Amino acid sequence: QVQLVESGGGLVQPGGSLRLSCAASGIIFSIYTMGWYRQAPGNQRELVATITSGGTINYADSVKGRFTVSRDNAKNTVYLQMNSLKPEDTAVYYCNAKYGFFQPYWGQGTQVTVSS
């Protein structure tokens, strides 16, 4: 079975930092493109960051310069370091794994709340 398990979410103050982790199992992790998406209430799920098997990274404009995505293939884990957090970053953050044109896998999400 394929599993993506997010962790690291929580409540932080504006300007604070949080590090999300996504541990994958049941896939050949090193060949997958991994991504982070988020969904706020009433909003569409949106891409936050992706990192390909070759290390190519892209970010949403809204998080560029504040968030950093990385992966550790030896640990089958992708990370999202979030700095300078803003209230508008509040959302459920989902881990995503895709390979080729197959349907991607999704984690169940972790809540990030940025509030004073």
Side-chain angles (χ1 to χ4, degrees):
Q1 71 285 354
V2 175
Q3 281 192 300
L4 302 177
V5 181
E6 301 98 333
S7 61
L11 173 65
V12 294
Q13 295 186 209
S17 296
L18 216 53
R19 189 197 197 203
L20 306 183
S21 299
C22 171
S25 60
I27 63 171
I28 306 174
F29 181 84
S30 60
I31 70 172
Y32 274 73
T33 292
M34 302 301 299
W36 289 96
Y37 294 73
R38 67 187 182 186
Q39 188 166 24
N43 284 32
Q44 203 84 25
R45 188 171 299 185
E46 64 174 352
L47 184 146
V48 176
T50 61
I51 180 166
T52 71
S53 61
T56 300
I57 293 169
N58 77 284
Y59 298 101
D61 287 342
S62 58
V63 308
K64 203 166 296 180
R66 300 187 297 121
F67 291 10
T68 303
V69 65
S70 62
R71 65 191 294 161
D72 187 340
N73 288 345
K75 296 181 177 180
N76 285 6
T77 301
V78 63
Y79 305 95
L80 185 68
Q81 178 67 47
M82 305 186 295
N83 299 326
S84 302
L85 283 161
K86 305 173 180 180
E88 48 262 49
D89 295 318
T90 296
V92 177
Y93 284 70
Y94 296 91
C95 182
N96 168 280
K98 72 175 183 179
Y99 177 73
F101 299 105
F102 295 98
Q103 286 294 309
Y105 298 103
W106 293 93
Q108 66 181 40
T110 185
Q111 177 71 48
V112 171
T113 303
V114 185
S115 176
S116 57

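Note that the structure is a prediction, hence the values are computed from the model and not measured. Positions are given from 1 along the sequence. Reckoned from all heavy atoms, side chains included, excluding hydrogens, waters and symmetry mates.
To the nearest 0.5 Å, atoms CG (Asn76) and CG (Leu4) are separated by 10.5 Å. To the nearest 0.5 Å, atom OG of residue Ser53 and atom OH of residue Tyr32 are 11.5 Å apart. A distance of 8.5 Å separates CD1 in Ile51 from OG1 in Thr56, rounded to the nearest 0.5 Å. Annotation: the span from Thr52 atom OG1 to Ile57 atom CD1 amounts to 8.0 Å, rounded to 0.5 Å.
Residues Phe67 and Leu47 do not share a hydrophobic cluster, clusters being chains of Ile/Leu/Val/Met/Phe/Trp/Tyr side chains in contact below 4.5 Å. Val5 and Tyr105 fall into different hydrophobic clusters, where Ile, Leu, Val, Met, Phe, Trp and Tyr residues are linked whenever their side-chain heavy atoms come under 4.5 Å apart, directly or through other members.
Ring centers of Trp106 and Tyr37: under 6.0 Å apart, within the cut-off.
Between Ser116 and Pro14, the shortest heavy-atom contact is N-CD, 3.7 Å. The shortest heavy-atom contact between Glu6 and Cys95 is OE2-N, 2.8 Å. Taking every heavy atom of both residues into account, Thr90 and Val114 meet most closely at OG1-N, 2.9 Å.
Counting only heavy atoms from C-beta outward, the side chains of Thr110 and Val92 never approach each other to under 4.5 Å. In this structure, Asn96 and Met34 have side chains that are not in contact, with every pair of non-hydrogen atoms separated by 4.5 Å or more. Contact annotation: the side chain of Arg38 approaches that of Val63 to within less than 4.5 Å [non-hydrogen atoms, C-beta and beyond]. With contacts defined as side-chain heavy-atom distances shorter than 4.5 Å, the pair Val48/Tyr94 does not qualify.
Among residues at least two apart or in separate chains, salt bridge (charged side-chain N to carboxylate O under 4.0 Å, His left out) pairs with a member in residues 62-80 are Asp61-Lys64, Arg66-Asp89.
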I'd like a table of donor-acceptor pairs (distance under 3.5 Å, sequence neighbours excluded) in which one partner is a side-chain atom from residues 17-28, with atom names and distances.
from: Ser17; atom 1: OG; to: Asn83; atom 2: OD1; distance (Å): 2.9

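A distance-only check finds a donor-acceptor pair linking the side chain of Tyr59 to the backbone of Val69 [under 3.5 Å].
In this structure, Gln103 places its CD atom where only 12 or fewer heavy-atom neighbours from other residues, nucleotides or ligands lie under 6.0 Å away. Annotation: Gln108, atom CD; neighbour count of heavy atoms from other residues, nucleotides and ligands within 6.0 Å does not exceed 12.
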Where do Trp36 and Val78 land on the side-chain contact (heavy atoms from CB on, under 4.5 Å) test, with the steps shown first? CA-CA 9 Å; Trp36 289 96; Val78 63; 3.9 Å; yes
